[in-house]
Amino acid sequence: MGEIPKEIIPLSYDFYEQPTLELSKALLGCLLVKETDQGMAAGYIVETEAYIGPVDRAAHSYNNRRTGRTEVMFHRSGLTYTYLMHTHCLFNVVSGGEENPEAVLVRALEPRYGIELMKRRRGIQDITNLTNGPGKLTKSMGITMEDYGSSLTLPPLYIAKGFCPESISVGKRIGIDKSGEAKDYPWRFWITHNKFVSRHQKSEYEIKIKKDKNNED
DNA sequence: CCCGAGATCCTA
DNA sequence: AGGATCTCGGGG
């Protein structure tokens, strides 16, 4: 449907240097892009969760646990951390910097380009059900374990500037009920009232984003 | 070495 | 409510 713009520029590494909670919010509205020989698919990030490894019992890298799976989180910010959850691949952005294993889980997208390709990959037609969950969006986008460790500043998998949300909601993270006190940390962020978020939840508070000079689309 | 659990999703 | 199906990590 939508024309693919001539130039979608990947964000550079310095974007990923900000603290993980800030990055989790800054990623909202950004465009996640995957190019394959089947074509290009892209969507705006509308929901994220922060995982602050060293102090976060819900994180795979809790207490600096370093294994084959978590290894990439100990490397530079702006790399891809993918892992398998039951039958699904989940996509994360590495953050926190070298030797500080943190990450941002991308939980939902608003489909923007390559929507027909996404529908084909998922075998469904309903756009609102295409990318409203972390396992659904990787399948729609064609993100797999092959992407583990790759840089988000270059094709085939990268993130570009999108739009600036008017309001961000904040709440508890999803699906980590057995993580002790960490389950209540308010580290889930989503674009207020966006209909592509993975599930509805009462937000603890909302953050209004002021539209300053740098934040036009 | 075996077994349980997990940042999920689909079907019944 | 339960199954798919793979990796990690703890316990014997």
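What you see below is based on every heavy atom in this structure, not just the backbone, and it leaves out hydrogens, waters and symmetry mates. Order of the sequence lines sets the chain letters (A, B, ...), proteins ahead of strands, with each chain counted from 1. None of the values given here were measured: they were computed from a predicted structure.
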**Item:** B:dC9 phosphate, OP1 or OP2, under 4.0 Å from A:R122 side-chain N/O
**Value:** no
**Message:** Would you compute the distance between atom CZ of A:R112 and atom CE of A:M40 and round it to the nearest 0.5 angstrom?
**Reply:** 9.5 Å
**Message:** What's A:L105 touching, base or sugar-phosphate or nothing? Going by heavy atoms closer than 4.0 Å.
**Reply:** base
**Request:** Would you check if A:Y51 stacks with the base of B:dA7, given a 5.5 Å centroid limit and a 30° plane limit, both strict?
**Result:** yes
**Request:** Could you state the atom-to-atom distance from NE2 of A:H88 to P of C:dG3 in whole Å?
**Result:** 15 Å
**Prompt:** Within this structure, what is the CG-to-P distance between A:L84 and C:dC6, rounded to whole angstrom?
**Reply:** 8 Å
**Item:** Value in whole Å for how far the C1' atom of B:dC10 lies from CG of A:D126
**Value:** 15 Å
**Request:** Rounded off to whole Å, could you give me the CD-to-P distance for the A:E47 and B:dT8 pair?
**Result:** 10 Å
**Request:** Counting Watson-Crick and G-U wobble pairs only, both distances under 3.5 Å, name the nucleotide matched with B:dA7, or none.
**Result:** none
**Prompt:** Any side-chain N or O of A:K178 under 4.0 Å from OP1/OP2 of B:dA5?
**Reply:** no
**Request:** State the CZ-CE distance between A:R66 and A:M73, to the nearest 0.5 angstrom.
**Result:** 11.0 Å
**Message:** For a quick test of reading the model: is some side-chain N or O of A:K136 closer than 4.0 Å to OP1 or OP2 of B:dC10?
**Reply:** yes
**Item:** Short side-chain N/O contact to B:dT8 OP1/OP2 from A:R199, under 4.0 Å
**Value:** no
**Request:** Could you tell me whether the phosphate oxygens of C:dC8, OP1 or OP2, come under 4.0 Å of any side-chain nitrogen or oxygen in A:R65?
**Result:** no
**Touch class at under 4.0 angstrom, heavy-atom based, for A:R107 against every strand present** = sugar-phosphate
**Asked** When you measure from the centre of the six-membered ring of A:Y81, is the NZ or CZ of A:R69 under 6.0 Å away and within 45° of the axis?
**Response** no
**Request:** Any chance you could lay out the side chain to side chain contact (heavy atoms under 4.5 Å, CB included) test for A:L130 and A:M141, step after step, and finish with the verdict?
**Result:** CA-CA 10 Å; A:L130 226 39; A:M141 296 283 287; over 6 Å; no
**Asked** For A:H86 and B:dT8, is the gap between ring centres under 5.5 Å while the planes differ by less than 30°?
**Response** yes
**Request:** Identify whether any heavy atom of A:T67 sits under 4.0 Å from a base atom; if not, whether one sits that close to sugar-phosphate; answer base, sugar-phosphate or nothing.
**Result:** sugar-phosphate
**Complete:** A:R188 atom CZ is separated from B:dA7 atom C1', nearest whole Å, by 12 Å
**Prompt:** Distance from A:N92 atom CG to A:Y148 atom OH, nearest 0.5 Å?
**Reply:** 10.5 Å
**Request:** Let me know the distance between CG of A:D177 and C1' of B:dG6, rounded to the nearest Å.
**Result:** 12 Å
**Asked** Expressed in angstrom and rounded to an integer, what is the separation of A:K183 atom NZ from B:dA7 atom P?
**Response** 14 Å
**Prompt:** To the nearest angstrom, how far is A:L137 atom CG from B:dC10 atom C1'?
**Reply:** 16 Å
